[in-house]
Amino acid sequence: MQKIESIKEWGGHLNRYRHLSSSCQCEMTFSVYLPPLASREKVPAIYWLSGLTCTDDNFRTKAGAQRYAAELGIALIIPDTSPRGDKIADEKERYDLGQGAGFYINATQEPWVTHYRMYDYITQELPALVESKLPLIPGLRSVSGHSMGGHGALICALKNPGMYQSVSAFAPICNPVECAWGQGCFSAYLGKTRAEWEAYDATCLVNAGVEKIPLLIDQGLGDEFLADQLNSKNLERACQAQDFPITLRMHDDYDHSYHFISTFIGKHLAYHAKALER
């Protein structure tokens with residue numbers, strides 16, 4: 001775990017690290033914002049999972065989250081969205097498959113199986129690494145994300161009861177087995193068996209009766225992907241049928257961009273801060 005960048009912000013430090021990942025079998029890069037409080041004591045952490053085409057840089061430069069994290073005394077852990085490198089499988093003509101599109105699952109199919117194990121990376125390797133090396137409170141963590149990363153946040157929380165104190169998402173892909181983005185990646189990474197896909201689908205997991213954790217989702221009604229890719233109403237109906245706690249807030253005119261995220265990120269971090277205090 002090598003620190004390759006450090007920038008002072010809001011009294012704390014935005015650091016970037018590189019390490020050799022045992023899950024993804026390649027070098028991985030991630031960013032961490034440590035609030036001023038972390039210079040005196042250990043702090044809880046919020047993991048942020050980004051969307052298609054993003055790296056760790058998008059959230060840390062566009063969301064404005066560090067200001068709120070500094071005030072709340074919470075660290076931000078910001079991983080990349082996929083393995084990367086010249087020897088890593090990719091579909092260069094597509095933005096929605098391969099590098100930048102890890103979908104937070106463990107691939108089972110060639111040529112993806114060796115490196116595309118982002119689910120293990122996010123839920124096992126990265127927490128173990130940062131909690132052992134940085135001033136973080138082990139096990140005191142929440143998770144959030146956007147679009148593909150919102151999907152990732154939801155499934156990581158739903159599949160790992162007790163691992164996260166809270167979960168939220170911005171414009172998540174709520175039912176990937178029913179949209180082109182999900183079908184394209186799942187068929188490539190996981191094969192043709194639908195049951196394998198459903199294990200990484202928030203709507204299917206809720207319908208299957210997983211342990212309940214409140215879901216907080218913000219969605220813009222001006223989002224160009226809402227109707228065809230995100231399927232937030234499918235998740236809402238599944239939660240209603242299962243008496244599963246969900247808060248789905250629909251906002252007029254907001255799109256899929258970081259303009260939307262930056263508007264509401266402070267409320268999400270405050271929501272997680274309350275859960276982490278409990």
Side-chain angles (χ1 to χ4, degrees), residues 1-19 21 23 28-51 54-81 104 118-146 149-150 152-154 156-157 160 162-170 213 216 258 261-262 264-278:
M1 181 171 160
Q2 176 190 6
K3 185 190 293 185
I4 57 176
E5 184 181 45
S6 184
I7 303 168
K8 190 162 186 178
E9 287 188 325
W10 298 99
H13 286 87
L14 178 64
N15 300 327
R16 180 175 267 165
Y17 300 91
R18 181 184 296 126
H19 73 112
S21 167
S23 301
M28 295 292 288
T29 301
F30 64 94
S31 290
V32 176
Y33 178 70
L34 292 173
L37 184 61
S39 66
R40 305 187 298 275
E41 60 188 76
K42 291 185 175 183
V43 296
I46 298 173
Y47 287 71
W48 174 268
L49 308 184
S50 294
C54 291
T55 68
D56 60 309
D57 202 37
N58 295 76
F59 179 74
R60 70 183 206 146
T61 59
K62 295 180 180 180
Q66 291 91 306
R67 170 186 176 182
Y68 302 104
E71 295 171 354
L72 295 167
I74 292 174
L76 302 174
I77 314 298
I78 313 163
D80 202 348
T81 55
Y104 305 101
M118 289 298 294
Y119 177 77
D120 280 355
Y121 180 72
I122 296 299
T123 60
Q124 298 178 30
E125 183 178 3
L126 186 59
L129 178 66
V130 297
E131 289 174 9
S132 67
K133 301 293 186 182
L134 300 176
L136 304 180
I137 302 172
L140 197 55
R141 61 183 86 89
S142 293
V143 63
S144 185
H146 169 234
L154 293 175
C156 287
N160 295 277
M163 182 173 180
Y164 303 99
Q165 302 302 309
S166 53
V167 56
S168 72
F170 290 82
I213 179 174
L216 172 62
Y258 268 87
I261 295 169
S262 65
F264 297 101
I265 191 64
K267 293 184 178 180
H268 278 241
L269 296 194
Y271 170 80
H272 291 301
K274 290 182 179 179
L276 290 164
E277 287 175 2
R278 290 196 298 269

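All heavy atoms count here, side chains included; hydrogens, waters and symmetry mates do not. Numbering of residues begins at 1 and proceeds along the displayed sequence.
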Show your reasoning for whether side-chain contact (heavy atoms from CB on, under 4.5 Å) applies to Y68 and K267.
CA-CA 9 Å; Y68 302 104; K267 293 184 178 180; over 6 Å; no
If you apply the rule side-chain contact (heavy atoms from CB on, under 4.5 Å), what do you find for I261 with K62, and how did you get there?
CA-CA 9 Å; I261 295 169; K62 295 180 180 180; over 6 Å; no
Intermediate values then yes/no, side-chain contact (heavy atoms from CB on, under 4.5 Å), Y258 and T61
CA-CA 10 Å; Y258 268 87; T61 59; over 6 Å; no
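Under the 3.5 Å distance criterion, with hydrogens and angles disregarded, a donor-acceptor pair is assigned to the side chains of Y119 and N160.
When side chains are defined from C-beta on, I74 does not count as touching L269, because their heavy atoms never get closer than 4.5 Å. Proximity of P35 to L72: side-chain heavy atoms (C-beta onward) are nowhere separated by under 4.5 Å. Residues L49 and P79 meet the side-chain proximity criterion, which asks for heavy atoms closer than 4.5 Å. Residues V130 and Y17 form no side-chain contact, since every pair of their non-hydrogen atoms from C-beta on lies 4.5 Å or further apart. By the 4.5 Å heavy-atom criterion applied to side chains, W48 and Y33 are not counted as neighbours. Residues M28 and E125 form no side-chain contact, since every pair of their non-hydrogen atoms from C-beta on lies 4.5 Å or further apart.
Under the 3.5 Å distance criterion, the side-chain polar atoms of T123 are left unmatched by any main-chain donor or acceptor of C156. In terms of modelled atom types and a separation under 3.5 Å, the side chain of R141 and the main chain of M163 share a donor-acceptor contact. Distance alone, capped at 3.5 Å, places no donor-acceptor pair between the E9 side chain and the L14 backbone.
How far NE2 of H268 is from CD1 of I46: 10.5 Å, rounded to the nearest 0.5 Å. With values rounded to the nearest 0.5 angstrom, I78 atom CD1 is found 9.0 Å from D57 atom CG. The distance from atom CG of N15 to atom OG of S31, rounded to the nearest 0.5 Å, is 8.5 Å. Rounding to the nearest 0.5 angstrom, the gap separating the CD atom in Q66 from the CG atom in L34 is 11.0 Å. Atoms CD and NE2, from Q165 and H272 in turn, are 11.5 Å apart once rounded to the nearest 0.5 Å. Interatomic distance, I265 CD1 to S144 OG, rounded to the nearest 0.5 Å: 5.5 Å.
Checked against a 6.0 Å centroid threshold, the rings of F59 and H146 do not count as neighbours.
Between Y164 and Y47, the ring planes are perpendicular. Angles over 60° get that label, and only those under 30° would be called parallel.
The two residues Y104 and S50 come nearest to each other via the heavy atoms OH-O, 2.8 Å. Between A153 and V167, the closest heavy-atom pair is O-CG2, 3.5 Å. A pairwise comparison of heavy atoms in G73 and P44 identifies O-CD, 3.8 Å as the closest pair. Taking all atoms of both residues into account, the shortest heavy-atom contact from L129 to H19 is CD2-ND1, 3.6 Å.
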